[in-house]
Engineer: 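Before I ask anything, let me first share the structure, which is written out below as structure tokens.
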Amino acid sequence: MSTLLRDFWYVAMPGKNLKMGQLVGKKMLGDPILVGRREDGQVFAMRDICPHRGIPLHHGWIEGDGVCCCYHGWKFNTEDGKCSHIPSMTEFEQLDIQRIRVQSYPCREVQGNIWVYIPSNFNQINQLELPPVPLIEGFGNILPQISETLHFACHIDHAVIGLMDPAHGPFVHTSWWWRSGPRKFRVKEKLYEPVPMGFRLVPYDMPVSAKPYKLLGNKVSIEIIFELPSVRTEILRGDRHQACAFTTVTPIDETQCEVHQSLYWTIPWMGLFKPILRSLTLQFLGQDRDVVIKQQEGLVYNPPLMLIDDADTQAKWYYRLKQEYSQSQLEKRSFKNPVEKRILRWRS
Ligand code: FES
Ligand SMILES: [Fe+2]
């Protein structure tokens, strides 16, 4: 049985990586998926396999509202995947080409990311009311100043747990600019509560002494939300400005995934520091990626793994949320969030 959750929106790529008229072939949750942008800017997604002879459609090109296959030029509508033209056909043919179809996937561009909805059952997809695309509240139509994608050679679960793991910071994220020098461990104590499809760190005010936060104002609060399948939103709200780190993980298949991170902020002159912030983001995510590569060396032996309280409690919640989600789908009932409000304590 697959351990990847379907019936969710997943980020395919940052919008900036898909130019007008461009086609990109991706694998998402094991499905071959074509993502494209028409000349009018509209994004779309469909199965990346030509129904004629199986060649991936990303080798073709976009023509108006259709995608043309590179092999025999069959054209498919970007909205519904229906075939609209077969160049080799003569008027003597009886074939109803409208009945030839490529499976299309719902696709939207929101706050600078391109999302594709991966259904478990394609027959239900049109009737089904799709859930809304995850949205960073209070940021409107803002585009990310920085958005980066990294390939992680591990199952999505290890990437997600790595993102919410509060204990690895002092060991993995060491560098001259971040927690350099001797490790000073302090007890952290934070309140968490359930949100519809996950949990969040209940917002609290940051100590005003911390310099970088001063850029946002004199009073700055932090909130961190995690929701299924793999969406982490960290928002800093100040009385002058706000900033957000938005991270999602998209499975490629059962053995690898992509981590997409977008940074948003409302401080105009911060644009000057984009190159620095971008390289810091890549360095930070790269450290997370490198540690899971090392982890794979051990995981090939399929060792039993441990989750301890409270440092790994969020990881435990993640597995429970996933399990409850799968169970609720199986039993065709509504999802009951298994997380309860509580304080977590750890040293880091
Ligand atoms: S294989 Fe695509 S048109 Fe023939
Ligand atoms: Fe990390």
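Because the structure is a prediction, the values reported are computed rather than measured. Counting starts at 1 for both ligands and their atoms, following the listed order.
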Engineer: Does atom CZ of Arg186 have more than 12 heavy-atom neighbours, drawn from other residues, nucleotides or ligands, at distances under 6.0 Å?
Structural biologist: no

Engineer: Output the distance between atom CG (Leu344) and atom OG1 (Thr313), rounded to the nearest 0.5 Å.
Structural biologist: 5.0 Å

Engineer: Relative to each other, are the rings of Tyr318 and Phe226 parallel, tilted or perpendicular (30° and 60° limits)?
Structural biologist: perpendicular

Engineer: Take the Fe ion (ligand 2) as the vertex and measure to NE2 of His173 and OD2 of Asp288; round to 10°.
Structural biologist: 100°

Engineer: With clusters built from Ile, Leu, Val, Met, Phe, Trp and Tyr whose side-chain heavy atoms come within less than 4.5 Å, directly or transitively, what are the remaining members of the cluster of Leu299, listed by chain and number?
Structural biologist: Leu305

Engineer: Who pairs with Lys316 by salt bridge (Lys or Arg N to Asp or Glu O under 4.0 Å), at least two apart in sequence or on another chain?
Structural biologist: Asp309

Engineer: Does anything in residues 274-289 form a salt bridge (Lys or Arg N to Asp or Glu O under 4.0 Å)? List the pairs, not counting sequence neighbours.
Structural biologist: Glu148-Arg278

Engineer: Which residues and atoms, counting only protein N, O or S, are under 2.8 Å from atom 2 (Fe) of ligand 1?
Structural biologist: Cys50 SG, Cys69 SG

